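The shown structure was predicted, so the numbers you read here are calculated from the model rather than taken from an experiment. For reference, positions follow the sequence shown, starting with 1.
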Amino acid sequence: MSFAVFCVLACGEPSDPGSAETAETSDTGWTVGPVEDCDSPTSVGWTDASDLLSGDGVEVGSTINGPITVGEIEGRTWIAALVGDADLAWWTLDGELGGTHTYTTSPVRVGLQDIDGDGVLDLWTNGEAVEIAWSFGTAAESWETVTARDAFCLGLQELTVFDADGDGDLDLLYSTGLGCVDDDGAARPLLVRNTGERRFGAPERIEGPASAWGATFEAAVADLDGDLDPDVYLCNDFGPETAPNAVLFNDGTGRFTLGDDEGLGITTYCMSASVADLDGDGVLDMFVGAATGQFALVRTRAGYVDEAAAWGLRTFDGVQMPWGTAAVDADNDGLVGVVMTTSDFNVPAPEWFPILVDHPVTPSEWVVESEAWGLPQSTGSRAVLARDLNRDGVVDLVAADFRNSPWLLVSDGCTAQSWVEVSAPPGTVVRVEAGGQAWTALATDDPGFAATGPSLAHIGLGQEPTIDRVVATVPWVGERVLVGPFAARRRIAWAPG
């Protein structure tokens with residue numbers, strides 16, 4: 001897979017790593033962008049610029065799932081979203097309408113990823129079938145329908161697009177759903193391998209007992225057992241009626257088996273899962289948003305422990321429920337919080353449904369920030385993506401909506417706190433060392449429910465101005481080290497080749 005497309009958005013103008021103060025590369029593949037100074041720091045906040053994504057020619061209807069995707073195409077940032085049961089719309093970041101498309105199928109997910117590895121993003125949708133627009137938004141664009149099941153089944157939601165077997169191509173994992181049953185009544189996931197040249201192999205059924213499979217609403221990809229290949233966390237809706245959340249462990253060849261979830265296998269109405277170091281101990285945890293509440297599943301030596309109640313995270317009543325989550329340091333203070341969208345299934349009263357930020361004051365004490373930070377309080381918000389689109393060092397927010405064009409919330413300016421943005425292959429664990437402290441994050445292009453974007457990790461460093469070292473643990477590759485010291489407030493990247 002090529003990562004040049006992502007670096008246009010995430011890395012800025014690359015410079016020679018050796019010229020970045022005293023930065024040295026003990027491994028090849030690194031590029032280091034220039035320092036981005038903050039002459040007029042502001043407190044964190046966002047301004048609603050959603051009018052840029054409501055251009056003429058967009059017929060907005062209702063779309064239950066509300067997926068969102070962001071990518072770089074021919075030097076411009078594009079945002080695409082489903083805006084109706086069968087309607088897709090896309091815009092450039094400056095508000096120019098890119099186009100619309102009406103499907104003959106009923107799509108429920110959309111993503112921009114380089115599936116064929118040619119350095120150009122492809123757009124895919126999943127629903128009754130998978131449709132791929134190869135080289136989307138370019139003169140070479142072409143559309144193809146790819147199917148893996150004989151018929152559409154109720155509840156089939158998630159499609160996970162990732163390199164399952166380490167060959168550099170992106171494969172397709174069809175998750176389970178209500179009504180997607182085998183002969184014994186189970187709803188097993190299917191892996192469809194990318195064989196190159198825009199071709200796919202026959203579906204491979206992932207085995208397991210019939211009782212193990214639920215209705216997957218989100219699938220989070222991360223190396224959960226430390227063997228350098230991507231595993232998959234299945235976030236299952238209707239858990240009490242079907243099956244709890246589960247972990248598919250990869251044997252390094254793309255063969256997946258159910259394994260010991262060590263406490264991740266909670267039973268709930270799961271909507272979204274985000275991987276991040278929630279307590280700042282250098283180990284990645286799992287944040288889960290569900291129709292009935294939140295789970296901060298913190299990794300300990302004894303397994304994962306839910307700290308949501310201990311940290312003061314709010315509960316939900318089943319009407320105002322979380323949908324999308326994005327674990328990120330929104331104000332660069334060095335503590336990771338969670339941006340969360342809320343809405344009901346059919347959004348009867350939008351005034352009940354704000355976009356929230358669960359913000360840690362300390363690693364173990366969290367508060368809700370929302371209105372004070374300029375986030376909209378009346379939404380039907382679904383998927384959410386946190387990426388620094390206006391390049392001021394603070395993440396901006398793009399959120400899909402149940403019956404409106406997307407929300408575009410642009411950060412109000414740079415902060416006095418430091419930061420670094422690391423672009424790397426999806427699933428890369430990034431460790432940044434500065435001033436005797438360390439921060440760990442996951443570079444991912446699928447950070448939560450129904451959202452895809454450039455694969456990167458945005459890391460707030462608080463008051464630390466200088467980075468001592470960056471270690472990227474890359475799937476299929478291993479550790480790649482960038483040695484400092486060098487100034488923070490910059491975008492760096494590791495890419496193969």
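Here the side chains of Thr325 and Met340 are in contact, with some heavy-atom distance below 4.5 Å. Annotation: side chain of Ser423 is not in contact with side chain of Ile492 (no heavy-atom distance under 4.5 Å). Contact annotation: the side chain of Trp91 approaches that of Ser405 to within less than 4.5 Å [non-hydrogen atoms, C-beta and beyond]. Counting heavy atoms from C-beta on, the side chains of Pro496 and Trp494 come closer than 4.5 Å. You'll find the side chain of Asp48 reaches within 4.5 Å of the side chain of Leu409, heavy atoms only. Between Leu123 and Leu88, some side-chain heavy-atom pair lies under the 4.5 Å cut-off. Asp118 is listed as a side-chain neighbour of Arg198, based on a closest heavy-atom distance under 4.5 Å. Looking at Ile73 and Thr138, their side chains come closer than 4.5 Å, going by heavy atoms from C-beta outward.
To the nearest 0.5 Å, atom CG of residue Leu297 and atom CD1 of residue Ile266 are 5.0 Å apart. Remark: Leu385 CG to Ile68 CD1 distance equals 8.0 Å, nearest 0.5 Å. In this structure, Ser364 OG and Leu278 CG are separated by 12.5 Å, a value rounded to the nearest 0.5 Å. Atom CG in Leu173 sits 6.5 Å away from atom CG in Leu248 (nearest 0.5 Å). The structure places CG of Leu190 at 11.0 Å from CG of Leu172, a figure rounded to the nearest 0.5 Å. Residue Phe217 holds its CZ atom at 11.5 Å from OG of Ser175, rounded to the nearest 0.5 Å.
Under the 30°/60° scheme for interplanar angles, the aromatic rings of His359 and Trp373 are found to stand perpendicular. Ring pair Trp134/Phe200 is parallel by interplanar angle, where below 30° counts as parallel and above 60° as perpendicular. Using bins of under 30°, 30° to 60° and over 60° for the plane-to-plane angle, the ring pair Trp90/Phe136 lands in the perpendicular bin.
With hydrogens and angles ignored, the 3.5 Å screen pairs a side-chain donor or acceptor of Asp329 with a backbone N or O of Gly334. A donor-acceptor pair under 3.5 Å is formed between the side chain of Ser272 and the backbone N or O of Phe449. Proximity of a side-chain donor or acceptor of Glu36 to a complementary backbone N or O of Gly393 within less than 3.5 Å is not detected. Counting only distance, with no hydrogens or angles, the side chain of Ser274 and the backbone of Pro447 share a donor-acceptor pair below 3.5 Å. Proximity of a side-chain donor or acceptor of Thr69 to a complementary backbone N or O of Val110 within less than 3.5 Å is not detected. One N or O on the side chain of Asn194 and one on the backbone of Ile115 form a donor-acceptor pair closer than 3.5 Å. Under a 3.5 Å cut-off, the side chain of Thr342 and the backbone N or O of Pro354 do form a donor-acceptor pair. In this structure a side-chain-to-backbone donor-acceptor pair under 3.5 Å is missing from Asp261 to Ala246. Judged purely by atom type and a 3.5 angstrom limit, Asp122 uses its side chain to pair as donor or acceptor with the backbone of Ser135. Judged by distance alone, the side chain of Tyr233 and the main-chain N or O of Leu264 form a donor-acceptor pair under 3.5 Å.
When all heavy atoms of Ala290 and Cys270 are compared, the pair lying nearest together is CB-CA, 4.1 Å. Counting all heavy atoms, side chain and backbone alike, Glu218 lies closest to Asp446 at OE2-OD1, 3.9 Å. The two atoms that bring Pro244 and Gly265 nearest to each other are CB-O, 3.5 Å, heavy atoms only. The two residues Pro230 and Asp163 come nearest to each other via the heavy atoms CG-O, 3.4 Å. Of all non-hydrogen atoms in Leu258 and Gly208, the two that sit nearest each other are CD1-CA, 4.3 Å. Heavy-atom minimum distance, Val394 versus Ala330: CG1-O, 3.6 Å.
No hydrogens or angles considered: a donor-acceptor pair under 3.5 Å links the side chains of Asp396 and Ser411. Looking only at atom types and distance, the side chain of Asn236 has a donor-acceptor partner in the side chain of Thr216 under 3.5 Å away. Thr77 and Glu72 share a side-chain donor-acceptor pair at under 3.5 Å. Donor-acceptor pairing under 3.5 Å is lacking for the side chains of Tyr304 and Asp285. Inspection of the Asn332 and Thr415 side chains reveals an N or O donor paired with an N or O acceptor under 3.5 Å. Using modelled atom types, one finds a donor on one side chain and an acceptor on the other under 3.5 Å when comparing Asn65 with Arg109.
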Walk me through it: do Thr257 and Asp251 pass the test side chain to side chain contact (heavy atoms under 4.5 Å, CB included)?
-> CA-CA 8 Å; Thr257 55; Asp251 71 352; over 6 Å; no

Would Gln294 and Trp366 count as a side chain to side chain contact (heavy atoms under 4.5 Å, CB included) if you check the C-alpha gap in whole Å, the side-chain angles of each, and the deciding distance to 0.1 Å?
-> CA-CA 13 Å; Gln294 307 171 73; Trp366 293 44; over 6 Å; no

Mind running side chain to side chain contact (heavy atoms under 4.5 Å, CB included) on Val70 and Thr452 for me, showing each step along the way?
-> CA-CA 6 Å; Val70 172; Thr452 62; over 6 Å; no

Would Arg76 and Glu74 satisfy salt bridge (charged side-chain N to carboxylate O under 4.0 Å, His left out), going step by step from the backbone distance to the final call?
-> CA-CA 6 Å; Arg76 303 176 76 184; Glu74 296 185 338; over 6 Å; no

Could you walk me through whether Arg193 and Asp167 pass the salt bridge (charged side-chain N to carboxylate O under 4.0 Å, His left out) check?
-> CA-CA 10 Å; Arg193 296 180 193 262; Asp167 65 357; over 6 Å; no

Does the pair Ile79 and Leu93 meet the rule for a side chain to side chain contact (heavy atoms under 4.5 Å, CB included), with working shown?
-> CA-CA 7 Å; Ile79 297 170; Leu93 189 60; 4.1 Å; yes

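Listed by chain and residue number, nothing satisfies the ring-ring contact (aromatic ring centres under 6.0 Å, His included) test with Trp439 (two or more places apart in sequence, or in another chain).
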